[in-house]
Amino acid sequence: MEMVALVDCNAFFCSCERVFKPHLREKPVVVLSSNDGCLIALSAEAKALGLKMAVPFFKVKHLIDKHKVHVFSTNYMLYAHMSRRVMATLEALVPALEVYSIDEAFLDFSHVPENERTKEARRIQQMVLQHTGIPVSIGVAPTKTLAKVANKLAKTHPQWNGVLDLSRSHDIERFLPFVWCEDVWGIGRASAPKLSKYGIRTAADLAGADPFLIKKLMGIVGTRLVNELKGEQAFSLEVAPPPAKSIICSRSFGRPLSQKEEVKRALLYHVVRGGAKLRRKKRQARHLTIYLRGNRYAQKEAYVSRTAAVQLPLATHYTPTLLAAADHLFEKVWQEGALYAKAGVMLTDLTPEAAHPTTLFDLRPHQKEKALMTALDALNERYGRGTLGFASQLQKENLWRPKEALKSPNYLTRWDELLTVR
DNA sequence: TCTGGGGTCCTAGGACCC
DNA sequence: TCTGGGGTCCTAGGACCC
């Protein structure tokens, strides 16, 4: 790979909602995080009103009401389906691609002749819009980090219409002085001030900085990043996703809880999800960690945080085993009298699914367990999540359920929520 | 009143061994 | 019991990403 193009969907979650509500084009739109907590996607019109990414919803509600911004609770299933459509479209247009996140893909662009890179990027942009209704921006460059830079410039400067080819070195030199360090992929809140102290403020400063200083300030990660800015590839295209190393399932509660049974029910719900995720990824976990948390923003004295972990005797993805382990840990760490805001489970030390899980003392393959989980997953896949569950999930109502007051219909995954055309 | 969820990688420091 | 250095493994926490 000598040339790479980064395709990034514009305000992806907002764009997904707009596909099914075309009258919201040109209107300010935001999408909230789980539990209607923060703003995690903003249309250009919403940004123009001064709204910002990751700001708590309640803090800007007045602004949102005043300007009649259209607000959606997150509908992750819908976005994941739309993402698959975008990626499938891209896949047909290039020899290789890396799906980097739900709304981004790196494309191998080495086959495109130098003077046709912009034209080809534009063609791809057009095809994705036509097939999916999702607008994208594309940056072309010799490394992933520079492609990120190009994409960012393409997205923020209307004159380029969402496409910028930064493949020639004189163009790279021309543009890097206009990119702030903190806008470079891999430079975050902690590194930017450190660099600034040494007068390194732009991507151009960074590219020209003393390698020993960079190594000292940012370690090996910084070294690689600077090399990429100079046009030397440090990150290659990862066509096949590497196997998962850990799985986390957690949610903030819709409201604070103090009742033991309620908190436990939430935790076990996440354990069930974790088991299903393991099986879908064909992995087994050897290590299970549970945690219960209070409100992160509470006074220090009032903040509860309980964590417990166990090494399982055998790597497994059998839900009842995971439930039993989690239940045991929960009893160990439960603390009466506190207010809890969140529960979660972390599955780590993952290994590939074994064909026949056995123990030293019982060498029979655990076929029954496997058959049970296979049947369970198949039913939930076919008839919708929650069709078949565990006794721990039986309850008339779940007090912990996150808020999602403004959620759009599941247009693509529920028969009863399909879009109706009149 | 109300502040996301799910990941990866790297480093430092402790425990332990020879 | 004292002396010394180096290696490995594990874990916790920081930083970053979307």
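Convention: sequence-line order gives letters A, B, ...; per-chain numbering from 1.
Residue-level contact check: A/T74 touches neither bases nor backbone, having no heavy atom under 4.0 Å from any strand. When heavy atoms are screened at a 4.0 angstrom cut-off, A/L32 is found touching no nucleic acid atom at all. Here A/D103 lies in heavy-atom contact (under 4.0 Å) with sugar-phosphate atoms only.
Dashed line: the shortest gap from a side-chain N or O of A/K148 to OP1 or OP2 of C/dC18 is under 4.0 Å. OP1 or OP2 of B/dG6 sits under 4.0 Å from a side-chain N or O of A/S250. Between B/dT3 and A/S252, no contact under 4.0 Å exists linking OP1 or OP2 to a side-chain N or O. The phosphate of C/dC16 has neither OP1 nor OP2 within less than 4.0 Å of any side-chain N or O from A/R224. At B/dT3, none of the side-chain N or O atoms of A/K342 fall inside 4.0 Å of OP1 or OP2 (strictly under the cut-off).
Of the inter-residue distances, the one linking A/T321 atom OG1 with A/L323 atom CG reads 9.0 Å to the nearest 0.5 angstrom.
Both thresholds, 5.5 Å between centres and 30° between ring planes, are met by A/Y297 relative to the base of B/dT3, so the two rings are stacked.
Of the candidate nucleotides C/dC18, B/dG4, B/dC2, C/dC18 has the atom nearest to the side chain of A/S101.
One can place CG of A/D8 at 14 Å from P of C/dC17, the figure rounded to the nearest angstrom.
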